[in-house]
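The first residue of the sequence shown is numbered 1, and numbering continues consecutively from there.
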Amino acid sequence: MNIGYARISTEGQSHDAQIAALKAAGCDKIFTETASGAKKGRPVLEEVLEYLRPNSDDKLIVFKLDRVARSLPHLIEIMDRLNRDGIEFQSLTESIDTKTPGGRLLFHVMGAISAFERDLVIERTQAGLKAARAKGRIGGRPRRMTEDKINAVRELLASGTPVKDAAAAVGVSVPTLYRWLPGASR
């Protein structure tokens, strides 16, 4: 079964041209959605992907690649899902059809580009973290318990202050205090 998906970004636009092209391509059912291309959540697209039957003769057809995915990694994610489920994909404008050898080649090239892009992001992130560490910075949230707070809590506890009040005095929770001072009396 040929399933079409048409998306427009704003209410002022029309699905008509996409629907006409999808009908001409032989779509048996067409889903339409109005959502910005930048939006991550697209409920109708998710509905379409759930509607497609794994390992059947279903094919997802779109008018143009940018109608189905907001970015190359998002497109690869969708294509991986379709491929895993044995569902064909076709983009009318770009003449991509995963039923053909050329369409499958293009899909694999796009997958390789996406993997390369992910690897570059990881490499840049690691280089940035290494440079920050060299400057004496460490990642993550600032620690709630500083040496001064630990010393202050020890003094408060030694003078008989209840744990709850000692934690409140330095602005931390009781579990945080116990995590930093495991021997504190309960």
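In this structure, L45 is not a member of the same hydrophobic cluster as I8, with clusters built from ILVMFWY side-chain heavy atoms closer than 4.5 Å. The hydrophobic clustering, which links ILVMFWY residues whose side-chain heavy atoms are closer than 4.5 Å, places V121 and L129 apart.
In this structure, T93 and L65 have side chains that are not in contact, with every pair of non-hydrogen atoms separated by 4.5 Å or more. Contact annotation: the side chain of R42 approaches that of Y5 to within less than 4.5 Å [non-hydrogen atoms, C-beta and beyond]. For the pair M1/R53, a side-chain contact is recorded, criterion being any heavy-atom separation below 4.5 Å from C-beta on. Looking at L49 and L52, their side chains come closer than 4.5 Å, going by heavy atoms from C-beta outward. In this structure the side chain of L157 reaches within 4.5 angstrom of the side chain of V163, judged on heavy atoms. Taking the side chain as every heavy atom from C-beta outward, L92 and L22 approach each other to under 4.5 Å. The shortest distance between side-chain heavy atoms of V172 and V153 does not fall below 4.5 Å.
With hydrogens and angles ignored, the 3.5 Å screen pairs a side-chain donor or acceptor of T98 with a backbone N or O of F89. Side chain of T34 to main chain of T10: no donor-acceptor pair is present (N/O by atom type, distance under 3.5 Å, no hydrogens or angles). A donor-acceptor pair is defined here as one N or O able to donate and one able to accept, closer than 3.5 Å; such a pair exists between the side chain of E33 and the backbone of V44. Of the possible donor and acceptor atoms, none in the side chain of E123 sits under 3.5 Å from a partner among the backbone N and O of D119. Without hydrogens or angle criteria, E88 side chain to K99 main chain gives a donor-acceptor distance under 3.5 Å. The main-chain N or O of R144 is found under 3.5 Å from a side-chain atom of K149 such that the two form a donor-acceptor pair. In this structure, the side chain of D165 does not engage the main chain of T161 through any donor-acceptor pair within 3.5 Å. A donor-acceptor contact shorter than 3.5 Å links the side chain of R67 to the backbone of R7. Between the side chain of N2 and the backbone N or O of D28 there is no donor-acceptor pair closer than 3.5 Å.
Scanning both residues, W180 and M145, for their nearest heavy atoms gives CD1-CG, 3.2 Å. For the residue pair S173 and T176, the shortest heavy atom distance occurs at OG-OG1, 3.0 Å. Of all heavy-atom pairs between A21 and F63, the closest is CB-CD1, 3.6 Å. Closest non-hydrogen pair, V68 versus I78, comes out as O-CD1, 3.6 Å. Between I87 and D58 the shortest heavy-atom distance is CG2-O, 3.5 Å.
For an aromatic pair to be called close, the ring centres must be under 6.0 Å apart, and F31 with Y51 satisfies this.
Annotation: the span from D66 atom CG to E94 atom CD amounts to 7.0 Å, rounded to 0.5 Å. With rounding to the nearest 0.5 angstrom, the NZ atom of K23 is 14.0 Å from the CD1 atom of I61. Distance check: Q90 CD to I96 CD1 gives 10.0 Å after rounding to the nearest 0.5 Å. A distance of 7.0 Å separates OG of S14 from CD1 of I19, quoted to the nearest 0.5 Å.
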Could you walk me through whether K59 and D97 pass the salt bridge (Lys or Arg N to Asp or Glu O under 4.0 Å) test, one step at a time? CA-CA 10 Å; K59 178 191 267 190; D97 188 345; 3.1 Å; yes
Working for salt bridge (Lys or Arg N to Asp or Glu O under 4.0 Å), residues E50 and R81: CA-CA 11 Å; E50 291 297 321; R81 181 174 175 177; 2.7 Å; yes
Test side chain to side chain contact (heavy atoms under 4.5 Å, CB included) on D85 and N55 and set out the steps. CA-CA 6 Å; D85 290 345; N55 302 314; 5.9 Å; no
